[in-house]
Amino acid sequence: MKSQSIVLVDAYSQIFRSFYAIRMLTNSRNEPVNAAFVFTKLLLQLEKKHASAYGAMLFDCGKVDFRLAINPLYKANRPPMPEELKMQIPLIRRIAAAFGWQLLQHEGFEADDLIGGIAAKYRMFPVKIVSSDKDLTQLINQRVNMLLPASGGGFELRGVAEAVKKFGVPPENMVDYLALLGDSADNIPGVPGIGPKSAVEILQTFGPADSWLDSPEKIDAGSRVGKKLLPELETVRRNRELIRLRLELPEGLTDDVLPPVRGGVNWDEIREICLDNSFNSILKELPASGAAKPEKMVHICDEPDDLFSFANAGNEVRGNSAEKKKDEPQEIQDELF
């Protein structure tokens with residue numbers, strides 16, 4: 001039975017994770033399919049363990065002007081998507097649609113903002129966010145949790161207690177915590193000399209940033225962390241605006257009353273994809289038959305081809321496995337999921 005939770009998948013985060021989980025996997029036409037293979041395994045596990053009536057897969061789309069206005073170099077260090085992965089995106093979209101996911105994106109919005117907007121809008125529903133992106137930790141509360149794909153299989157739940165154990169601060173302080181640290185993946189410089197332990201110390205000693213950004217006298221200028229923090233208050237202020245998610249959804253992206261509805265899984269389509277790409281190990285896991293058709297994709301911008309479209313390839317990605325010969329996906333890292 002499907003749960004009434006809204007399951008939201010941070011698409012490019014998981015697509016990049018899939019791409020770097022295994023390498024050098026091709027089908028009989030010598031086309032790269034490594035990301036598509038691992039992504040299919042991920043969606044199959046989601047269907048088995050977290051089947052939901054509501055949910056969507058969220059994609060970045062175009063440059064994010066309001067963040068570029070704050071920092072013109074925001075994400076300027078992102079490399080282009082590898083060609084071997086770019087070739088697989090149409091197949092990955094087809095796979096996601098066959099599993100019944102709505103694929104949502106909107107020009108000028110990052111997936112994280114859309115995830116935050118949906119979680120904030122439908123307050124009567126529990127939410128599960130499938131991502132490894134620490135920025136999304138700021139959304140966690142008693143109703144909203146994260147599902148992190150685990151290297152040994154399945155998913156690791158990150159709720160309020162798990163977030164505090166992981167970072168040392170509650171989710172409501174994550175924006176301040178990350179603003180102090182910065183984020184090299186997004187080209188956001190932090191406060192020089194401040195690491196995770198010092199960031200926790202600052203927030204525990206002086207309180208949330210709202211209490212001292214406009215009242216610097218509350219910071220002990222003689223303390224070790226105070227000497228580092230006081231000259232960098234504008235850095236913290238700017239970083240907070242970059243890291244804080246925008247929770248207002250673009251008009252028309254979702255229904256006003258109900259969250260995005262999951263379509264039925266088209267097992268026949270998935271079987272066809274697996275046969276066509278030699279995903280033999282996945283074929284063994286599929287039910288005997290199925291006829292449900294996937295929902296159409298909501299497509300509000302052209303497929304982007306810039307650095308803002310892609311999740312960080314180094315975001316909690318597993319190391320590459322040993323290279324395998326083509327046409328042997330059934331032998332590749334079944335332990336991933």
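Values reported hereafter were calculated over all heavy atoms of this structure, with side chains retained and with hydrogens, waters and symmetry mates removed.
More than 12 non-hydrogen atoms from other residues, nucleotides or ligands lie less than 6.0 angstrom from NZ of Lys48. Counting non-hydrogen atoms of other residues, nucleotides and ligands closer than 6.0 Å to CD of Glu217 gives a total above 12.
Within the model, atoms CG of Leu230 and CD1 of Ile219 stand 4.5 Å from one another, a figure rounded to the nearest 0.5 Å. Atoms CZ and CZ, on Arg93 and Phe39 in that order, are 10.0 Å from each other to the nearest 0.5 Å. The distance from atom CG of Asp255 to atom NZ of Lys121, rounded to the nearest 0.5 Å, is 7.0 Å. Taking CG of Leu233 as the reference point, atom CG of Leu213 lies at 6.0 Å (rounded to 0.5 Å). One finds the CD1 atom of Ile273 at 5.0 Å from the CD1 atom of Ile95 (value rounded to the nearest 0.5 Å). Interatomic distance, Leu68 CG to Leu73 CG, rounded to the nearest 0.5 Å: 9.0 Å.
You'll find the side chain of Tyr12 reaches within 4.5 Å of the side chain of Met81, heavy atoms only. Side-chain contact between Leu42 and Pro149 is present, with at least one heavy-atom pair separated by less than 4.5 Å. Between Leu245 and Leu136, the closest side-chain pair of non-hydrogen atoms falls below 4.5 Å. Residues Ser198 and Arg224 form a side-chain contact, since some pair of their non-hydrogen atoms from C-beta on lies under 4.5 Å apart. Side-chain contact between Ser5 and His50 is absent, with no heavy atoms from C-beta onward closer than 4.5 Å. Counting heavy atoms from C-beta on, the side chains of Tyr177 and Ile243 never come closer than 4.5 Å. In this structure the side chain of Leu229 never reaches within 4.5 angstrom of the side chain of Ile194, judged on heavy atoms. When side chains are defined from C-beta on, Glu31 does not count as touching Thr26, because their heavy atoms never get closer than 4.5 Å.
No donor-acceptor pair closer than 3.5 Å links the side chain of Asp183 to the backbone N or O of Ile188. Distance alone, capped at 3.5 Å, is enough to place a donor-acceptor pair between the Lys228 side chain and the Gly193 backbone. Without hydrogens or angle criteria, Gln88 side chain to Asn34 main chain gives a donor-acceptor distance under 3.5 Å. Although no hydrogens or angles enter the test, the distance criterion places no donor-acceptor pair under 3.5 Å between the side chain of Asn173 and the main chain of Pro208. Ser3 places no side-chain N or O within 3.5 Å of a backbone atom of Ala53 that could act as its donor or acceptor partner. Between the side chain of Trp212 and the main chain of Gly207, a donor-acceptor pair closer than 3.5 Å is present. With Ser223 contributing its side chain and Gly226 its backbone, the two residues share a donor-acceptor pair below 3.5 Å. Side chain of Arg29 to backbone of Asn277: no donor-acceptor contact under 3.5 angstrom is found. Judged by distance alone, with hydrogens and angles left aside, the side-chain atoms of Asn239 form a donor-acceptor pair with the main-chain N or O of Ala179 at under 3.5 Å.
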Check your understanding: Glu47 and Arg262: salt bridge (charged side-chain N to carboxylate O under 4.0 Å, His left out), yes or no, with the steps?
Key -> CA-CA 11 Å; Glu47 196 61 30; Arg262 285 280 314 278; 2.9 Å; yes

Check your understanding: Taking it one step at a time, do Val144 and Ile129 satisfy side-chain contact (heavy atoms from CB on, under 4.5 Å)?
Key -> CA-CA 8 Å; Val144 180; Ile129 301 169; 3.7 Å; yes

Practice item. Check step by step if side-chain contact (heavy atoms from CB on, under 4.5 Å) holds for Glu107 and Cys61. Key: CA-CA 5 Å; Glu107 182 69 37; Cys61 189; 4.0 Å; yes

Exercise for review: Could you go through the side-chain contact (heavy atoms from CB on, under 4.5 Å) check for Arg158 and Thr137 one step at a time?
Suggested key: CA-CA 8 Å; Arg158 179 177 290 172; Thr137 306; 3.6 Å; yes

Practice item. With side-chain contact (heavy atoms from CB on, under 4.5 Å) as the test, would you mind laying out the steps for Leu58 and Leu8 before giving the verdict? Key: CA-CA 7 Å; Leu58 294 308; Leu8 302 172; 4.0 Å; yes

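Both Ile89 and Val33 belong to a common hydrophobic cluster when Ile, Leu, Val, Met, Phe, Trp and Tyr are linked at side-chain heavy-atom distances under 4.5 angstrom. If you chain together hydrophobic residues whose side chains sit under 4.5 Å apart, Phe59 and Met87 never meet in one group.
Shown here for Pro259 and Ile6, the closest heavy-atom pair between the two residues is CB-CD1, 3.5 Å. Here the closest heavy-atom approach between residue Glu272 and residue Arg94 is recorded as OE2-NH2, 3.3 Å. For the pair Pro171 and Ile140, the tightest heavy-atom approach, listed with the atom from each and the gap, is CB-O, 3.3 Å. In terms of heavy atoms, Pro250 sits closest to Leu114 at CD-CD2, 3.8 Å. Heavy-atom minimum distance, Ser131 versus Gln14: CA-NE2, 3.5 Å. Shortest non-hydrogen contact noted between Ala96 and Leu43 is CA-CD1, 3.8 Å.
Partners of Ile70 under the side chain to side chain contact (heavy atoms under 4.5 Å, CB included) rule, at least two apart in sequence or in another chain, are Arg238, Glu241, Leu242.
Taking a cutoff of 4.0 Å between a charged side-chain nitrogen and a carboxylate oxygen, Arg23 and Glu84 do not qualify as a salt bridge. Classification of Lys165 and Glu162 as a salt-bridged pair fails, no side-chain N sitting under 4.0 Å from a carboxylate O. A salt bridge does not link Glu156 with Lys166: every distance from a Lys NZ or Arg NE/NH1/NH2 to an Asp or Glu carboxylate oxygen is 4.0 Å or more. A salt bridge is defined here as a Lys NZ or Arg NE, NH1 or NH2 lying under 4.0 Å from an Asp or Glu carboxylate O, and Arg240 with Asp210 meets this definition. Ion pair Lys75/Asp60 not flagged as a salt bridge, since none of the NZ, NE, NH1 or NH2 atoms sits closer than 4.0 Å to an Asp/Glu carboxylate oxygen. A salt bridge links Arg237 with Asp214: the closest approach of a Lys/Arg side-chain nitrogen to an acidic carboxylate oxygen falls below 4.0 angstrom. Checked for salt-bridge contact, Arg67 and Asp113 meet the test: a charged N lies under 4.0 Å from a carboxylate O. The pair Asp112-Arg246 fails the salt-bridge criterion, with no side-chain N (NZ, NE, NH1 or NH2) lying under 4.0 Å from an Asp/Glu carboxylate O.
In this pair, Phe16 and Tyr20 present their aromatic rings parallel. The plane angle is below 30°, not in the 30 to 60° band.
If you check the side chains of Tyr122 and Thr254, you find a donor sitting under 3.5 Å from an acceptor.
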